[in-house]
**Q** 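Let me begin by handing over the structure; questions about it come next.
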Amino acid sequence: QVQLVESGGGLVQAGGSQRLACAASGGTFSTSSMAWFRQAPGKEREFVAGIGRFSSTLYSDSVRGRFTVSRDNAKNTVYLQMNSLKPEDTGAYYCAQRYFALRMEEKDYDYWGQGTQVTVSS
């Protein structure tokens, strides 16, 4: 079965940077679309960024220009580089995988990691 393991979360100062990684196993990574979602306390889970199997990318308006999603098919890993972090970026970040086309709805994803916490202090 597909397993996704996130890493790289932690505490960071506002204005700082952090890089998350998601290592995938048990599936066909190179033909999958990968996405990052986050959930802040008391809020619904929301799409953050995603990358398709042909390396097309999508970003939420709130992170566009600050975050960069990338993938390394040789390592079966997707990354989320987060720059100029704000306190409102705080939340649990989840990696998700689906086959074929990139989507922004969490219901369209088949596999999920357990999440990694990112806390941005002001």
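Just the heavy atoms: all of them, side chains too, but no hydrogens, waters or symmetry mates, feed the values below. Count residues from 1 along the sequence. This structure is a prediction, so every number in the text was calculated from the model and none was measured.
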**Q** Are the side chain of Ser56 and the backbone of Phe54 linked by a donor-acceptor contact shorter than 3.5 Å?
**A** no
**Q** Can you name the residues that form a side-chain hydrogen bond (donor to acceptor under 3.5 Å, both in side chains) with Arg66, not counting sequence neighbours?
**A** Asp89
**Q** Would you compute the distance between atom CZ of Arg64 and atom OG1 of Thr57 and round it to the nearest 0.5 angstrom?
**A** 9.0 Å
**Q** Could you tell me whether the side chain of Tyr93 and the main chain of Val48 form a donor-acceptor pair under 3.5 Å?
**A** no
**Q** Suppose we screen for side-chain hydrogen bond (donor to acceptor under 3.5 Å, both in side chains). Which residues come up paired with Ser60, at least two apart in sequence or across chains?
**A** Ser62
**Q** Contact between Thr68 and Tyr59 at the side-chain level, heavy atoms closer than 4.5 Å - yes or no?
**A** yes
**Q** Looking at CD of Glu44 and CD of Glu106, how far apart are the two atoms once the value is rounded to the nearest 0.5 Å?
**A** 7.5 Å
**Q** Only one of Leu11, Leu80, Val12 passes side-chain contact (heavy atoms from CB on, under 4.5 Å) with Gln18; say which it is.
**A** Val12
**Q** Output all residues satisfying side-chain hydrogen bond (donor to acceptor under 3.5 Å, both in side chains) with Asp108, sequence neighbours left out; order by chain, then residue number.
**A** none
**Q** For Val63 and Trp36, what are the C-alpha separation, side-chain angles and deciding distance, and is it a side chain to side chain contact (heavy atoms under 4.5 Å, CB included)?
**A** CA-CA 12 Å; Val63 307; Trp36 291 94; over 6 Å; no
**Q** Can you see whether Trp112 has Arg98 sitting over its ring - NZ or CZ less than 6.0 Å from the centre and within 45° of the normal?
**A** no
**Q** Do Met82 and Arg19 have side-chain heavy atoms sitting under 4.5 Å apart?
**A** no
**Q** Do Tyr94 side-chain atoms and Gln39 backbone N/O form a donor-acceptor pair below 3.5 Å?
**A** no
**Q** Decide whether Tyr99 and Val78 are clustered together by the hydrophobic rule: side chain heavy atoms of Ile, Leu, Val, Met, Phe, Trp, Tyr closer than 4.5 Å, transitively.
**A** yes
**Q** Going from NZ on Lys107 to CZ on Arg45, what distance comes out if it is rounded to the nearest 0.5 angstrom?
**A** 15.0 Å
**Q** Could you tell me which non-hydrogen atom of Pro87 sits nearest to which non-hydrogen atom of Ser122, and how far apart they are?
**A** CG-CB, 3.8 Å
**Q** List the residues meeting side-chain hydrogen bond (donor to acceptor under 3.5 Å, both in side chains) with Gln13, not counting sequence neighbours, and say none if there are none.
**A** Ser121
**Q** Please check if the number of heavy atoms outside Glu46 that lie under 6.0 Å from its CD is greater than 12.
**A** yes
**Q** For Leu4, which residues count as a side chain to side chain contact (heavy atoms under 4.5 Å, CB included) partner, sequence neighbours excluded?
**A** Val2, Cys22, Ala24, Met34, Cys95, Gln97, Tyr111
**Q** Just jot down the ring pair (Phe, Tyr, Trp, His ring centres under 6.0 Å) partners of Phe47, sequence neighbours excluded, or say none.
**A** Phe37
**Q** Check for a donor-acceptor pair, side chain of Glu6 on one end and backbone N or O of Gly115 on the other, with a separation under 3.5 Å.
**A** yes
**Q** State the OG-CG distance between Ser30 and Asn76, to the nearest 0.5 angstrom.
**A** 7.5 Å
**Q** Checking Ser17 side chain against Asn83 main chain: does a donor-acceptor pair fall under 3.5 Å?
**A** no
**Q** Is any side-chain heavy atom of Val69 less than 4.5 Å from a side-chain heavy atom of Tyr79?
**A** no
**Q** I need the minimum non-hydrogen distance between Ala21 and Thr77, along with the two atoms involved.
**A** CB-CG2, 4.2 Å
**Q** Output yes when a side-chain donor or acceptor of Thr90 lies under 3.5 Å from a complementary backbone atom of Val120, and no otherwise.
**A** yes
**Q** Check whether any side-chain heavy atom of Leu58 lies under 4.5 Å from a side-chain heavy atom of Leu102, and answer yes or no.
**A** yes
**Q** Measure from NZ or CZ of Arg53 to the centre of the six-membered ring of Phe100 and say whether it is under 6.0 Å with the direction within 45° of the ring axis.
**A** no
